[in-house]
Amino acid sequence: MDAYDEGSKARHLPDGPDGSLPEGPASAGPTPDSTPLTGQESTGQESTDQESTDQESVPQRPASQAPTAQAPDPQVPTADPPVPTSTPTGTGTGTGIASLPLRSQVVAALALAVVAVVACVHLGMVFLHVAPSNTVTKQHGRAIDDWIYPEFEQNWKLFAPNPLQQNIDVQVRAQVRGADGAITETGWYDLSALDGAAIDGNLLPSHTQQNELRRAWDFYIGTHDNENRPVGLRGDLSQRYLRRIVVLRLDREGAGGKGAVVESVQVRSRTTNVPPPKWSEEKVSDTPVLRELPWWTVPEEDVTDARTEASAG
């Protein structure tokens, strides 16, 4: 049977120009000349009409407000990030020394090795210096002393059963020849007091201010007897060393005035006991003990060296 026969109960809709169903209001509901349907056919028509009405009730969204892609839910697991491929050693992807290039790693390793070796050698030298006399110190004593003195000198008298309880001042006076040729004698210069004044209040005093004069005096009395006669082969060396130091200090202090030349010097020590605390019952003498050395003639080279060092400083 043809769907467009008059006897058919199918719904007749006008054809479009191209044979398709027309758009717009014609498809929204029944035409005025349509007849009501009953039964099963009426139910189908009502469903079709309801769907058409729902489509018309939905507002059309402009193209500019078209829905965009929704952001991924953070709770939904995503794909694992790509695993970085391994890089060759020394490309700077590690931490610490490993982050340096290969050449820098080699240099850093060599520097650390040198520091470790020097530290071990220094600790060994200090141990041999403070340790009792043994075979190693007897055979290599000079090398140990050259390493320790003067910067790493060790003084353990503070921890001795009877620590040093004396103040020793090294003083010097000189006979100088002035610019007019006259010879005059200066007063006593307390070199230890001058060093103490330079150290007092100084957060970083120099090693020279702290130990040069004291070490020179200890060197002298350790190589001379009470009659100031040299004992051993180092007696003459200690005398020349002490003399050069005091000549240099006199030149710094301007002994004799401008243009004066030091002809001879005399050194002495002034030793006083440190007074005991008030709660102690110990009794010590407060009378200074003087030890004067003979006059020493100053050679020309000592004066020249003293002026050279003073001008360089």
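Computed over heavy atoms, backbone and side chain alike; hydrogens, waters and symmetry mates excluded. Throughout, numbering of the chain's residues begins at 1 and tracks the sequence.
- Partners of Tyr241 under the ring pair (Phe, Tyr, Trp, His ring centres under 6.0 Å) rule, at least two apart in sequence or in another chain, do not exist in this structure.
- To the nearest 0.5 Å, atom CZ of residue Arg173 and atom CD of residue Gln266 are 4.5 Å apart.
- The salt bridge (charged side-chain N to carboxylate O under 4.0 Å, His left out) test applied to Arg234 returns no partner, not counting sequence neighbours.
- Of the charged side-chain nitrogens involved, at least one lies within less than 4.0 Å of a carboxylate oxygen, so that Arg240 and Asp236 count as a salt-bridged pair.
- Side-chain atoms of Gln171 do not come within 3.5 Å of backbone N or O of Ser269 as any donor-acceptor pair.
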Stepwise salt bridge (Lys or Arg N to Asp or Glu O under 4.0 Å) check, Arg214 with Glu153: CA-CA 12 Å; Arg214 180 182 62 83; Glu153 176 190 358; 3.4 Å; yes
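- Under the salt bridge (charged side-chain N to carboxylate O under 4.0 Å, His left out) criterion, Asp169 pairs with no residue at all, not counting sequence neighbours.
- Looking only at distances, a side-chain donor or acceptor of Thr186 sits under 3.5 Å from a matching main-chain atom of Ala174.
- Thr297 contributes atom OG1, which lies 8.5 Å from atom CZ of Arg243 (distance to the nearest 0.5 angstrom).
- In this pair, Trp147 and His122 present their aromatic rings tilted. The plane angle is within the 30 to 60° band.
- Arg103 pairs by the salt bridge (charged side-chain N to carboxylate O under 4.0 Å, His left out) definition with nothing, not counting sequence neighbours.
- For Thr304, the side chain to side chain contact (heavy atoms under 4.5 Å, CB included) partners at least two apart in sequence or on another chain are Glu300, Thr308.
- Each ring pair (Phe, Tyr, Trp, His ring centres under 6.0 Å) pair with one or both residues in residues 254-305, not counting sequence neighbours, appears once here: Tyr220-Trp296.
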